[in-house]
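Data first, discussion second: the structure below is written as structure tokens.
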Amino acid sequence: MISKDERSLLLILQKEEETSKTENDKLLVDIERLIEQQGVSNYELAGRIKTQNYYVEAMGAELSKLSLISLVLIIVFLYVLYRCWATILIPIITLLISVVWSFGFLQLTGGKLDLVLTVLPTLLFVIGISNTIHLLSVYTSKRKIGLGKHEAIEQTFREIGLATFLTSLTTAIGFYALLLIEINPIKNFGLYAGSGILISYLISIIVVPSILLNMNDAKLCRVRGENQFRNKLFNRLFRIRTNSYNKVLTASLIIFISAVLFIPKIKVNNHFLDDLNSSSSLKHSLLFFEDQFSGIRPFELGIESREGPLFTIKKLKEVQKVEQYIVENYEVEMLLSPLVVIKTANKATHGGTPEKYDMPSNEKELKQNLQFIRSSLKSGKLDHLISEDLKRARITGKIHDLGSARLKVINTEFEEWLKESKLSIEVQLTGGAYLMDKTNQSIAFQLVKGLAFAFFIVWLILLLMFRSVKVATLSMIPNVLPMIMIMGIMGFIGVDLKVGTALIFTIAFGISVDDTIHLLSHYRQKLKEGLSSQKALEESLQVTGKAILFTSSILSAGFLTLIFSSFKSTSLMGIFVSLTLFFALIFDVVLLPSLLLKFSSKK
């Protein structure tokens with residue numbers, strides 16, 4: 001209750017459990033006003049109502065900030081591409097309608113905005129722009145050769161309709177794979193992000209043609225002229241693949257092996273303060289309590305008598321043994337336990353003598369203490385520590401934020417000690433913090449499960465599209481390798497795997513496969529026209545390479561805007577998803593053609 005530097009006192013307030021956020025916010029304001037009225041200016045507040053208030057306000061600010069930054073970025077990219085405001089307005093209108101409908105779906109289905117969902121508008125802006133750009137680019141090229149509006153739209157959908165549908169579907173599948181992860185915020189994010197992508201696709205194929213049919217062609221701008229440097233670059237890349245694709249495959253294999261070596265270095269770990277930036281006022285307050293008092297992490301232990309009442313001399317001595325162990329090994333402070341109650345009762349039944357704050361020495365003293373305890377239970381003063389039948393109790397306290405990886409080791413040692421001690425009482429680690437750690441520890445398995453589902457569904461789509469197991473399998477390699485690289489980078493620089501970073505892989509996979517589908521769709525079309533594999537790849541790269549370069553640039557830059565987030569997990573998501581998409585682009589235009597030339601049929 002007194003800080004380490006002896007300059008601060010700790011005051012703990014307990015409120016009613018069932019109170020609304022509005023009541024909690026009012027209570028927080030009243031507490032701050034009361035403190036300041038007493039002339040106290042140097043104080044720190046923490047706890048559930050403070051944390052809830054901070055996160056809700058931060059989420060509102062985050063939603064507006066990230067949405068605005070991503071929207072401005074998209075407008076800049078569109079202006080660079082079209083240099084014409086009339087054409088820029090078409091995708092912007094489409095995106096805004098998509099976001100409104102997606103949040104309408106969230107409200108309609110009873111969903112609630114949380115920290116993870118604050119990135120939803122950014123996701124929809126960045127991912128949704130791709131379909132609109134592809135539709136506009138093909139439409140304008142068809143109008144340029146003299147087709148009428150209806151015919152140009154019809155041919156646009158015939159040419160890229162399937163590809164845009166499949167890219168939206170595979171992206172949505174990447175998000176829907178998160179439904180397999182047994183963590184509610186992640187499941188909700190997967191549901192609403194995946195649904196938002198499909199809503200965005202439906203809006204684009206309805207709104208874009210409607211605007212184009214009613215728009216004066218004089219106001220519709222064309223994509224800027226050919227870029228000679230870009231054409232030479234793609235020609236050069238293709239010559240490298242056709243002349244030395246074995247070198248490309250060897251280099252890719254070396255990258256794969258190098259990344260795999262660092263993957264085991266990834267730790268599943270989580271700290272309470274991980275997600276807060278150093279500039280956060282809440283983090284400043286929590287660090288004060290972490291450093292000066294007993295820590296900020298709750299410690300909970302459940303105790304139950306296997307047979308008969310818990311409050312016997314023998315069993316209380318076992319509780320004392322457990323309590324001594326956790327104080328020494330977990331460094332639990334602010335400890336409340338059945339022993340505190342029984343010692344207090346013993347002191348009270350002996351006239352408040354300080355020396356009697358101790359365990360009862362015999363059954364007679366214990367019986368007197370139990371009468372005191374039962375009386376306190378009836379008044380509701382002890383029901384948070386001891387059950388009414390005196391068979392169950394809890395030990396609660398505070399420990400420092402050691403991190404889930406360190407605590408996993410300590411917990412394992414404690415459970416082994418319990419087995420060796422052969423106690424007649426049952427002891428169980430519990431509480432919200434412990435359960436959160438257990439969930440986080442299973443994140444690696446759940447991540448593999450979600451990714452495996454997404455891989456299989458996307459592979460199945462590619463199989464149905466090309467009717468070739470070999471092509472479908474080869475097509476997966478350029479999309480799996482970037483994620484292996486990201487895992488290797490995380491292991492190399494020491495980024496822990498936790499709930500926030502686990503989202504990176506399924507999101508990145510669902511988006512990065514889009515480029516593969518566009519390239520392979522055009523490749524299949526050219527093969528049907530009778531071109532050889534090499535010629536079909538060359539023309540596909542010349543046509544789709546430019547489009548996927550531009551859309552990948554928008555996607556990478558769009559996700560990179562998440563670095564402006566106030567929360568570290570969101571910033572890391574932006575950095576690593578952007579890197580994954582960049583690597584996926586490189587492998588799509590370099591490795592995929594090499595794989596197809598080396599292993600696929602010449603037909």
task = Kindly check if the number of other-residue, nucleotide or ligand heavy atoms within 6.0 Å of NZ (Lys21) is above 12?
result = yes

query = How about Lys4: does its NZ atom have over 12 heavy atoms from other parts shown lying under 6.0 Å from it?
reply = yes

ask   = Is the number of heavy atoms from other residues, nucleotides or ligands within 6.0 Å of NZ (Lys438) greater than 12?
value = no

Distance (rounded to the nearest 0.5 Å) between Glu44 CD and Leu287 CG = 10.0 Å

task = Supply the atom-to-atom distance Leu497 CG to Asn269 CG, rounded to the nearest 0.5 angstrom.
result = 10.0 Å

inquiry  = Closer than 3.5 angstrom, by distance alone: can the side chain of Glu331 be matched with the main-chain N or O of His400 as a donor-acceptor pair?
reply    = no

inquiry  = What I'd like to find out is whether the side chain of Thr109 reaches to under 4.5 Å of the side chain of Tyr192, using heavy atoms alone.
reply    = yes

query = Taking atom CD1 of Ile49 and atom CG of Asn53, what is their separation to the nearest 0.5 Å?
reply = 8.5 Å

request  = Tell me yes or no: between the side chains of Tyr54 and Ser280, is some donor less than 3.5 Å from an acceptor?
outcome  = yes

key: Residue of the set Arg306, Glu318, Glu307 for which side-chain hydrogen bond (donor to acceptor under 3.5 Å, both in side chains) holds with Ser424   = Glu318

query = So Thr561 and Val126, side-chain contact (heavy atoms from CB on, under 4.5 Å) or not? Walk me through it.
reply = CA-CA 10 Å; Thr561 61; Val126 174; 5.7 Å; no

ask   = Considering residues, nucleotides and ligands other than Glu363, do more than 12 of their heavy atoms fall under 6.0 Å from its CD?
value = yes

query = From Lys568 NZ over to Ile575 CD1, what is the distance, rounded to the nearest 0.5 angstrom?
reply = 11.0 Å

Output a table of donor-acceptor pairs, distance under 3.5 Å, between side-chain atoms of residues 170-177 and any protein atom two or more places apart or on a different chain; print 'none' if there are none.
unit_1, atom_1, unit_2, atom_2, d
Thr170, OG1, Leu166, O, 2.9
Thr170, OG1, Thr167, O, 3.1
Thr170, OG1, Asp514, OD1, 3.4
Thr171, OG1, Thr167, O, 2.7
Thr171, OG1, Gly510, O, 3.0
Thr171, OG1, Asp514, OD1, 3.0
Thr171, OG1, Asp514, OD2, 2.9
Tyr176, OH, Ser195, N, 3.2
Tyr176, OH, Ser195, OG, 3.0

message = Within the supplied structure, the quantity of interest is the number of heavy atoms (other residues, nucleotides, ligands) at a distance under 6.0 Å from Gln38 CD; does it exceed 12?
response = yes

query = Heavy atoms, side chains only, cut-off 4.5 Å: are Leu429 and Glu415 in contact?
reply = yes

query = Can Ser285 and Lys50 be counted as having a side-chain donor-acceptor contact under 3.5 angstrom?
reply = no

message = Working to the nearest 0.5 angstrom, can you tell me the gap between Leu316 CG and Glu323 CD?
response = 10.5 Å

message = Are Leu120 and Val99 packed together at the side-chain level, in the sense that at least one heavy-atom pair is separated by less than 4.5 angstrom?
response = no

request  = Ignoring hydrogens and angles, state whether a donor on the side chain of Glu36 or Tyr43 is under 3.5 Å from an acceptor on the partner side chain.
outcome  = yes

query = If you look at every heavy atom in Ser578 and Leu560, which pair is closest and at what distance?
reply = OG-N, 3.1 Å

side-chain contact (heavy atoms from CB on, under 4.5 Å) assessment of Val268 paired with Lys408 = CA-CA 10 Å; Val268 179; Lys408 182 182 179 182; over 6 Å; no

key: More than 12 heavy atoms from other groups under 6.0 Å of CD1 on Ile2   = no

query = Would you say Phe272 and Leu286 make side-chain contact, with heavy atoms under 4.5 Å?
reply = no

query = Do Val427 and Phe414 have side chains that get closer than 4.5 Å, going by heavy atoms?
reply = yes

inquiry  = If I compare all heavy atoms of Leu117 with all of Leu106, which pair ends up nearest, and what's the gap?
reply    = CD1-CD1, 4.1 Å

task = On the 0 to 90° scale, with breaks at 30° and 60°, tag the Tyr55-Phe567 ring pair as parallel, tilted or perpendicular.
result = parallel

key: Criterion side-chain hydrogen bond (donor to acceptor under 3.5 Å, both in side chains) on Asn24 and Gln52, from CA distance to verdict   = CA-CA 9 Å; Asn24 289 341; Gln52 180 190 50; 3.3 Å; yes

message = Is it the case that over 12 heavy atoms from other parts of the model lie below 6.0 angstrom from the CD atom of Glu32?
response = yes

remark   = What one should report as the nearest heavy-atom pair of Lys283 and Leu276 is NZ-O, 3.0 Å

query = Between Ser70 and Thr122, is there a donor-acceptor pair closer than 3.5 Å when you use the side chain of the first and the backbone of the second?
reply = no

ask   = Is a side-chain donor-acceptor pair under 3.5 Å present for His350 with Glu355?
value = no

task = Scan side-chain atoms only and decide if Glu365 and Thr349 contain a donor-acceptor pair under the 3.5 Å cut-off.
result = no

ask   = Should we count NZ of Lys267 as having more than 12 external heavy atoms under 6.0 Å?
value = no

message = What I'd like to find out is whether the side chain of Thr396 reaches to under 4.5 Å of the side chain of Leu385, using heavy atoms alone.
response = yes

ask   = Which pair of non-hydrogen atoms, one from Met483 and one from Asn479, has the smallest distance, and what is that distance?
value = CE-O, 3.4 Å

note = Correct closest heavy-atom pair for Ser168 and Ile197 would be O-CG2, 3.6 Å

query = Any side-chain heavy atom of Val340 within less than 4.5 Å of one from Ser337?
reply = yes

query = Taking all non-hydrogen atoms of both residues, which atom of Leu66 and which atom of Ser565 are closest, and how far apart?
reply = CD2-N, 4.1 Å

task = Find the distance between CG (Leu310) and CD (Glu426) and round it off to the nearest 0.5 Å.
result = 12.0 Å

ask   = For Ser404 and Asn270, does a side-chain donor sit closer than 3.5 Å to a side-chain acceptor?
value = no

task = Compare all side-chain heavy atoms of Glu300 with those of Tyr434 and state whether any distance is below 4.5 angstrom.
result = no

task = For a side chain to side chain contact (heavy atoms under 4.5 Å, CB included) with Leu301, tell me which candidate from Val322, Val332, Thr430 qualifies.
result = Val322

